[in-house]
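This one's a predicted model, so the numbers in the text were calculated from it and none came from an experiment.
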Amino acid sequence: MRQTGAGWGSGLLGVIIFSGSLPATRAAVGGFSPLFLTSARAVIAALLGSALLLALRQARPMPRDLAPLVITALGVVVGFPLLTALALQHISSAHSIVFIGLLPLATAIFAVLRGGERPKPRFWLFAGLGSATVAGFALSGGGAAAVSGDLLMIAAILLCGLGYAEGAKLSRRLGGWQVISWALVIALPMMAAVALVTLPDSWQGIDGGAWLGLAYVSVFSMLVGFVFWYRGLALGGIARVGQLQLLQPFFGLALAALLLGEPVSWTMIAAAALVVLCVAGATGRRSGPSIPTFANHASPKGMQMLE
């Protein structure tokens, strides 16, 4: 029970951090191209992750870990950041945020396919209801939605769900922050090359909001959030703790209202309440998948300092 509680706490903190990602990305694409933004945030986070790995003397991944790390990098280092940045050129921040409510289903599906978890029917029922609530909220909001932006967001959600599930499974051996750090290191050569090729022609005219957005997605969205998120998924179960993602759209909309001046309607509050109930139903003790126990083979020194 203590392990489960720690997983919930870490997962929730990760969700709160991730909730600022799309508003920050929306601000950043006002000054940077999607390709440069995606590659630059990965390079900055990779340098920070490398420093952590070296400072805490973490062992290198085993050869069997390389393929899962590549899949993780494809999903959360390259795919999701790039596709969301492209989508935000076509749809509003508020509209894009509500798609995040579909992440639990994507994560749970890949947890079944890649992680070996077996949620019970009640889990799928409440996960479906929660995602339907989020989808209904998106459709009722109208706004500047474009088909291309919606399709990009759906593709981003699928890749992110794959990366979450693969990284969480791997974090049982390596540790949560070690997984995202090694995934960033693996992607570093390619992302550094892309960043150099897509450098802005001029740095003049890039406002402070774009720089702040780049800083947030590089440090918090790309690294710090994953430290807590992967630890939560590993301790509490991928499909179960993954349901906390249903709350992320509403945290994100609150931040969008505060930072971008977007209005918050009563429908947001009502939908948020329904989603909370769905999360509670899906993650009930009898409905979720079993929580695996495992021995963490990451450096004890590293885990003590970062946990």
Side-chain angles (χ1 to χ4, degrees), residues 17-18 21 24-25 28-29 31-88 110 114 152 155-156 158-171 173-203 206 210-211 213-227 229-230 297-299 302 306:
I17 292 172
F18 290 148
S21 297
T25 301
V29 293
F32 304 105
S33 70
L35 274 174
F36 176 77
L37 175 61
T38 301
S39 55
R41 65 188 279 182
V43 169
I44 294 170
L47 294 176
L48 294 174
S50 299
L52 278 175
L53 291 170
L54 290 173
L56 299 178
R57 299 179 181 180
Q58 297 300 294
R60 293 183 180 181
M62 298 177 65
R64 62 173 178 166
D65 297 327
L66 293 181
L69 282 171
V70 170
I71 294 174
T72 302
L74 175 65
V76 302
V77 176
V78 181
F80 183 79
L82 177 59
L83 292 175
T84 53
L86 291 171
L88 285 168
F110 286 112
R114 304 286 301 178
L152 286 168
L158 290 175
L159 282 176
C160 192
L162 172 61
Y164 278 175
E166 196 72 20
K169 182 180 67 172
L170 192 56
S171 70
R173 294 198 301 271
L174 301 181
W177 71 270
Q178 291 93 334
V179 167
I180 188 60
S181 295
W182 284 118
L184 286 163
V185 168
I186 286 176
L188 178 58
M190 180 184 70
M191 302 309 279
V194 173
L196 290 174
V197 171
T198 59
L199 282 171
D201 295 329
S202 173
W203 301 101
I206 302 176
W211 285 109
L214 174 60
Y216 186 92
V217 297
S218 300
V219 177
F220 291 96
S221 303
M222 202 78 261
L223 182 62
V224 176
F226 281 104
V227 170
W229 180 242
Y230 277 146
H297 298 293
S299 165
L306 287 177

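The residue from F226, Y216, W229 that alone fulfils the side-chain contact (heavy atoms from CB on, under 4.5 Å) condition with I17 is Y216. Each of L69, I180, I71 was scored for a side-chain contact (heavy atoms from CB on, under 4.5 Å) with L170, with one residue passing: L69.
Taking CG from L83 and CG from L88, the interatomic distance works out to 11.0 Å, rounded to the nearest 0.5 Å. One finds the CG atom of L159 at 10.0 Å from the CZ atom of F80 (value rounded to the nearest 0.5 Å). Taking OG of S181 as the start and CG of L52 as the end, the distance is 5.5 Å to the nearest 0.5 Å. To the nearest 0.5 Å, atom CG of residue L199 and atom CZ of residue F32 are 10.5 Å apart.
The aromatic rings of F18 and Y164 sit parallel to each other, their planes meeting at less than 30°, with 60° as the upper class boundary.
Residues V78 and M191 share a closest heavy-atom pair of CG2-SD, 3.9 Å. Scanning all heavy atoms of the two residues, the minimum distance from A183 to A73 falls at O-CB, 3.7 Å. Closest heavy-atom contact between W182 and R60: CZ2-CA, 3.8 Å. Looking at every heavy atom in both residues, T72 comes nearest to G163 through CG2-O, 4.0 Å. Between C160 and V76, the shortest heavy-atom distance links the atoms O-CG1, 4.2 Å. V77 and A187 get closest at one heavy-atom pair: CG1-CB, 3.8 Å.
In terms of the side-chain hydrogen bond (donor to acceptor under 3.5 Å, both in side chains) criterion, T84 has no residue partners (sequence neighbours excluded). With sequence neighbours excluded, the residues satisfying side-chain hydrogen bond (donor to acceptor under 3.5 Å, both in side chains) with S221 are S21.
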With a cut-off of 3.5 Å and sequence neighbours excluded, list every side-chain donor-acceptor pair involving residues 33-50.
{"residue": "S33", "atom": "OG", "partner": "F36", "partner atom": "N", "Å": "3.2"}
{"residue": "T38", "atom": "OG1", "partner": "P34", "partner atom": "O", "Å": "2.8"}
{"residue": "T38", "atom": "OG1", "partner": "L82", "partner atom": "N", "Å": "3.4"}
{"residue": "S39", "atom": "OG", "partner": "L35", "partner atom": "O", "Å": "2.9"}
{"residue": "S39", "atom": "OG", "partner": "F36", "partner atom": "O", "Å": "3.1"}
{"residue": "S39", "atom": "OG", "partner": "A195", "partner atom": "N", "Å": "3.4"}
{"residue": "S50", "atom": "OG", "partner": "A46", "partner atom": "O", "Å": "2.7"}

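The side-chain heavy atoms of L158 and L162, taken from C-beta on, include no pair separated by under 4.5 Å.
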